[in-house]
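Written out below as structure tokens is the structure these notes cover.
Just so you know, ligand 1 is whichever comes first in the structure, and atom 1 is the first atom listed for that ligand.
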Amino acid sequence: NRVKGQQPHVAVLAFPFGTHAAPLHNLACGLASAAPHVAFSFVNSAKSNATLAAVDSAPPNLKFYDVDDGAPADFAFDPRSPEEEIDNFMRVTPGNFRKGMEDAVRRTGGATISCVISDCFLWFAGDLAAELGAAVPWVGLWTGGSRSLSVHLYTDLLRETVSAGEKGASDVESKVDDELGFLPGMAGMRLCDLPEGVVSGNLNSVFARLLHRMGLELPRASALAINTFEGLDPAVLIDFHAKFKRCLPLGPLNLLCPPPSRPDSTGCLEWLDRQAHGEAVYIGFGTLMTPPSAELAELAEGLEASGAPFLWSLKKKFWPLLPAGFLARTADRGLVATWTPQARVLEHPAVGVFVTHCGWNSVLESLVGGVPMVCRPFLGDQHINSRSISHTWKIGVAFPEKTMTKDEVAKALHVVLRTAEGKKMKERACALRAVALQQVQPGGSSSENLRALVAIISTS
Ligand code: UDP
């Protein structure tokens with residue numbers, strides 16, 4: 001595709017919701033630094049581009065382009081129907097990305113696009129690359145864990161196995177505890193750990209159809225990049241190495257391509273400096289989730305009952321939902337903050353346990369910190385991540401009834417912080433941390449895979 005002597009030009013296409021664009025952005029920055037002779041164009045919605053912390057400090061060969069997000073002028077985000085934003089966006093794809101790439105070519109002095117890297121959710125990116133030329137590779141980045149991707153690669157098989165859609169949801173319900181050991185590396189995972197829209201719930205929602213289509217298209221990609229590391233889920237990765245033309249685990253991406261360190265605007269790290277090693281509880285449910293108000297109160301009471309020092313990332317608008325007098329009663333041993341530099345918090349030696357919704361970025365950050373987890377998953381891949389933590393890696397506990405009660409919170413914290421079982425979880429988490437650190441060192445597999453990706457984009 002590229003005229004001989006012309007600068008290679010990589011279009012990086014983002015999925016602008018949740019914490020999706022951030023790891024792709026980290027990767028784009030890492031690649032742009034490693035390949036200064038290549039032009040990179042990060043194509044994303046204006047709203048998402050604005051949230052990327054390092055836009056201003058990105059390498060000079062990485063430029064940002066805004067595309068239409070399909071939202072009507074009077075659109076207001078409703079947290080009760082988060083899919084609406086995605087539906088609006090998907091309706092204007094792939095035309096908005098095509099336009100964004102044309103814009104990027106014009107503004108880069110006519111350098112044609114020689115490689116497309118996209119979030120895997122953008123299943124049509126392979127077609128966009130093919131339109132640009134038969135030799136233009138498509139590299140998909142899966143920002144989640146390997147098991148959560150496997151689910152979408154094997155959706156048809158899973159549906160056939162449980163006859164989803166034929167006998168109805170009640171039939172699936174009777175099988176929720178059935179294990180998925182017939183899929184590579186999925187022993188111990190159960191039907192109830194699958195995201196909604198795979199075998200249960202609405203199989204025809206925009207999102208369910210997107211993920212199903214992605215599972216079918218992705219094996220066409222020239223390479224799959226994935227934010228995990230060799231040694232974490234070996235059997236799943238062996239399967240991926242067989243299934244994909246190239247499978248490049250690059251995780252943990254925030255170690256391999258570190259984003260600029262976030263400022264400690266709420267004083268969390270200083271507060272942690274004053275706590276005893278390994279005793280503090282950190283609570284955070286990511287950027288989108290907040291437990292329902294009754295559960296939030298149970299969690300607060302459980303924390304109080306545990307007697308442990310705690311740091312809680314909770315948006316200010318939810319503070320009024322905390323039990324009356326909670327903040328005053330726990331002021332000497334607790335800090336509730338509107339935001340934390342989470343990755344740095346989880347690496348702080350004072351943190352002994354993380355109460356998490358099991359979003360993949362949070363899980364990796366906890367692994368990097370060697371911190372065991374207490375899992376309260378809500379939706380999507382969070383259930384399968386939770387099951388991996390509690391059942392496969394054995395570095396945390398999940399609530400028996402999924403939701404949090406005062407007694408179960410106090411019990412879970414006790415197990416992790418004060419029992420021999422908890423000590424073992426800590427040791428296993430630290431062992432995984434050591435593997436992760438090794439993979440991002442020069443010569444480590446994530447590090448070598450980044451070099452392989454640089455070669456793909458430099459020579460295409
Ligand atoms: N995060 C943070 N401080 C907070 C809350 C969240 O830095 O107070 C970051 C966290 O470190 C992680 C991301 O937000 O990198 C959340 O991503 P995750 O995949 O865990 O969850 P999502 O937000 O996509 O549900």
Hey, are [X] and [Y] close enough for a salt bridge, meaning a charged N less than 4.0 Å from a carboxylate O?
{"X": "E421", "Y": "K424", "result": "no"}
{"X": "E270", "Y": "R274", "result": "no"}
{"X": "E295", "Y": "R376", "result": "yes"}
{"X": "K402", "Y": "E408", "result": "no"}

Distance filter under 4.0 Å, heavy atoms only, around ligand 1 gives T19, G286, T287, S313, W339, T340, Q342, H357, G359, W360, N361, S362, E365

Check: F207 ring centre within less than 6.0 Å of H212 ring centre: no

In Å and rounded to the nearest 0.5 Å, what is the CD to OG distance from Q439 to S447?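 Going from CD on Q439 over to OG on S447, the span is 9.5 Å.
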
